[in-house]
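A short worksheet on the structure shown next.
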There are 2 protein chains.
Amino acid sequence: MPNNQFKKGELYSFMTGKASTAIARRLQKNLKQHNIEITVEQWSVLYHLWKNDGLSQQDLCNATFRDKPSITRLVDNLEKLKLVKRVASKSDRRINQVFLTEYGKQLEDETMNVANTTLNEALTGVPSDKIDICKEVLQIVYDNLK
Amino acid sequence: MPNNQFKKGELYSFMTGKASTAIARRLQKNLKQHNIEITVEQWSVLYHLWKNDGLSQQDLCNATFRDKPSITRLVDNLEKLKLVKRVASKSDRRINQVFLTEYGKQLEDETMNVANTTLNEALTGVPSDKIDICKEVLQIVYDNLK
DNA sequence: GGCATATAGTTGTTTATGCAACTAACCAAA
DNA sequence: TTTGGTTAGTTGCATAAACAACTATATGCC
């Protein structure tokens with residue numbers, strides 16, 4: 001039996017993503033406690049815009065590993081919250097560039113502090129060399145399947 | 001700055017759970033290709049029932065790391081599909097035990113084969129000692145936050 | 001026994017996901 | 001320049017998630 005060097009039964013928590021679910025819930029809770037009224041999914045879009053404002057919706061699909069309808073609706077909701085604004089690209093009228101509003105930009109510092117705190121909570125007691133290996137494994141898994 | 005021995009920027013894919021999302025999508029695709037008409041979420045419930053038939057809904061909450069309303073509705077849908085049946089517990093009338101139907105039992109072998117295949121696809125090229133470390137890290141993260 | 005509290009499960013509402021089908025705009029080849 | 005294929009984005013529909021509020025049953029303490 002090829003590639004079967006692992007105990008499967010213990011591995012299904014991989015599939016069900018309990019760790020990343022736990023992180024997402026904790027981040028949501030921490031955001032709420034700081035009165036930052038966005039969802040973790042909205043955060044994941046804003047995170048990429050804070051690094052690189054004006055990304056297209058397709059760019060956001062690639063960055064967040066979501067499909068196009070998901071991004072359409074996340075951007076819809078972010079627009080309703082006055083956090084971003086769609087701007088039609090001059091060079092290609094199919095493309096919407098998504099830009100942060102002033103309000104959206106203002107949210108960056110506090111929100112990223114909350115995210116960093118959450119990550120610290122998650123990784124308490126994990127040696128950094130093991131974090132590196134875990135990251136590496138998850139990257140290979142992602143590359144194998146994406 | 002405490003507990004800051006890692007590069008945060010690279011770690012947000014942890015939070016967004018890209019690897020586990022990729023696994024779930026591939027499993028869904030593989031199930032469909034084998035004409036197994038269940039969702040991956042339904043699979044995660046059935047998986048625990050195959051190991052231990054007759055679990056309560058609360059047991060399923062704990063096993064799958066979902067909240068009670070989620071399990072209520074997943075069991076609703078599994079009942080509609082004639083895969084499981086709720087049975088009120090004799091000893092405690094608050095409790096619903098969830099039992100597999102014959103049809104639900106029949107699905108086990110082929111479905112678990114598909115799940116195992118999916119896991120092999122995901123873990124291709126990952127040495128088993130690194131899988132163990134990754135599992136260990138994800139377990140600590142889960143324990144830190146659950 | 002009776003009351004307070006805890007536990008098991010359900011329902012309502014909002015948000016998000018996945019897939020398929022669709023429109024609009026772009027591009028390249030005849 | 002028209003036609004056929006590709007890319008960007010939207011809409012419709014079914015399933016699922018998180019949170020809060022609710023009902024029903026059980027338990028423990030007086």
Side-chain angles (χ1 to χ4, degrees), chain A residues 16-18 20-33 37-46 54-81 83-84 86-98 146, chain B residues 16-18 20-33 37-45 54-81 83-84 86-98:
Chain A
T16 53
K18 283 160 79 164
S20 58
T21 301
I23 294 173
R25 284 189 200 162
R26 178 62 64 91
L27 175 58
Q28 187 72 75
K29 182 182 151 195
N30 289 348
L31 288 170
K32 186 161 194 177
Q33 277 181 348
E37 299 289 337
I38 60 172
T39 66
V40 290
E41 295 84 1
Q42 290 165 359
W43 169 81
S44 77
V45 171
L46 292 174
L55 290 174
S56 71
Q57 294 188 199
Q58 183 59 54
D59 293 334
L60 290 170
C61 291
N62 300 334
T64 64
F65 197 46
R66 290 180 165 84
D67 69 355
K68 290 190 291 176
S70 293
I71 291 298
T72 293
R73 280 144 182 157
L74 280 172
V75 173
D76 284 349
N77 286 336
L78 287 168
E79 268 197 325
K80 281 183 204 157
L81 293 170
L83 290 164
V84 307
R86 285 178 169 95
V87 178
S89 165
K90 302 250 173 180
S91 60
D92 184 339
R93 283 186 300 163
R94 291 172 304 179
I95 294 175
N96 288 335
Q97 286 184 278
V98 182
K146 75 177 175 219
Chain B
T16 53
K18 283 160 79 164
S20 58
T21 301
I23 294 174
R25 282 187 203 163
R26 177 62 64 91
L27 175 57
Q28 187 71 74
K29 181 181 152 197
N30 289 347
L31 288 171
K32 187 161 195 177
Q33 278 182 347
E37 299 289 338
I38 60 173
T39 67
V40 290
E41 294 85 0
Q42 291 166 358
W43 169 82
S44 78
V45 170
L55 290 174
S56 71
Q57 294 187 200
Q58 184 59 54
D59 293 334
L60 291 171
C61 291
N62 300 334
T64 64
F65 197 46
R66 291 180 162 84
D67 70 356
K68 292 190 291 175
S70 294
I71 291 297
T72 292
R73 281 145 180 156
L74 279 172
V75 173
D76 284 349
N77 286 335
L78 287 168
E79 269 196 325
K80 280 182 204 155
L81 293 171
L83 290 164
V84 306
R86 284 177 169 96
V87 177
S89 165
K90 302 250 176 180
S91 60
D92 186 338
R93 282 187 301 165
R94 290 172 304 180
I95 294 175
N96 288 334
Q97 287 184 278
V98 183

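First the proteins, then the strands, lettered A, B, ... as listed; each starts at 1.
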task = Please state how far atom NZ in B:Lys80 lies from atom P in D:dA14, giving the value in whole angstrom units.
result = 11 Å

message = Quick one, A:Asn62 and A:Gln58 - any side-chain contact, counting heavy atoms below 4.5 Å?
response = yes

ask   = What is the distance from CD of B:Gln58 to C1' of C:dA6, rounded to the nearest Å?
value = 12 Å

OP1 or OP2 of C:dT10 under 4.0 Å from side-chain N/O of B:Arg86 = yes

remark   = To the nearest angstrom, the CD1-C1' distance between A:Ile38 and D:dA18 comes to 16 Å

inquiry  = Starting the side chain at C-beta, find the nucleotide from C:dT15, D:dA8, C:dG9 nearest to B:Asn96.
reply    = C:dG9

key: Separation of atom CG in B:Leu60 from atom P in D:dA17, rounded to whole Å   = 13 Å

key: Side-chain donor-acceptor contact under 3.5 Å, B:Thr21 with A:Arg66   = no

message = Do B:Val87 and B:Asn96 have side chains that approach each other closer than 4.5 Å (heavy atoms only, starting at C-beta)?
response = no

query = Whole-Å distance between C:dT10 P and B:Asn77 CG?
reply = 12 Å

request  = Take the protein atom CG of B:Asp76 and the nucleotide atom P of C:dG12, then report the distance between them rounded to whole Å.
outcome  = 12 Å

Electrostatic pair A:Arg86-A:Asp76, nearest N-O below 4.0 angstrom = yes

query = Starting at NZ of B:Lys90 and ending at P of D:dT25, how long is that distance when rounded to a whole Å?
reply = 16 Å

task = Using the closest heavy atom to pick a nucleotide of DNA chain C for each, name whichever of B:Lys68 or A:Lys68 lands nearer the 5' end.
result = B:Lys68

ask   = Between B:Asp92 and B:Ser89, does a side chain to side chain donor-acceptor pair (under 3.5 Å) hold up when you go through it step by step?
value = CA-CA 5 Å; B:Asp92 186 338; B:Ser89 165; over 6 Å; no

ask   = Using a cut-off of less than 4.0 Å, is there contact between a side-chain N or O of B:Gln57 and OP1 or OP2 of C:dT10?
value = yes

ask   = So, do A:Leu55 and A:Leu60 sit near enough that their side-chain heavy atoms are less than 4.5 Å apart?
value = yes

request  = May I ask you to verify if any side-chain N or O of B:Arg93 is less than 4.0 angstrom from the OP1 or OP2 atom of C:dA8?
outcome  = no

Could you run down the sub-3.5 Å N/O contacts of the protein with nucleotides 17-20 of chain C?
{"unit_1": "C:dT17", "atom_1": "OP1", "unit_2": "A:Arg66", "atom_2": "NE", "d": "2.6"}
{"unit_1": "C:dT17", "atom_1": "OP1", "unit_2": "A:Arg66", "atom_2": "NH2", "d": "2.9"}
{"unit_1": "C:dT17", "atom_1": "OP2", "unit_2": "A:Arg66", "atom_2": "NE", "d": "3.3"}
{"unit_1": "C:dG18", "atom_1": "OP1", "unit_2": "B:Arg25", "atom_2": "NE", "d": "3.0"}
{"unit_1": "C:dG18", "atom_1": "OP2", "unit_2": "B:Arg25", "atom_2": "NH2", "d": "3.3"}
{"unit_1": "C:dG18", "atom_1": "O6", "unit_2": "A:Arg73", "atom_2": "NH1", "d": "3.3"}

inquiry  = Tell me whether the side-chain N/O atoms of A:Gln97 come closer than 4.0 Å to OP1 or OP2 in D:dA8.
reply    = no

task = Write down the distance between CZ (A:Arg94) and P (D:dG5), rounded to a whole number of angstrom.
result = 17 Å

message = What's B:Thr39 touching, base or sugar-phosphate or nothing? Going by heavy atoms closer than 4.0 Å.
response = sugar-phosphate

task = Might you confirm whether atom NZ of B:Lys32 has over 12 heavy atoms from other residues, nucleotides or ligands at distances under 6.0 Å?
result = no

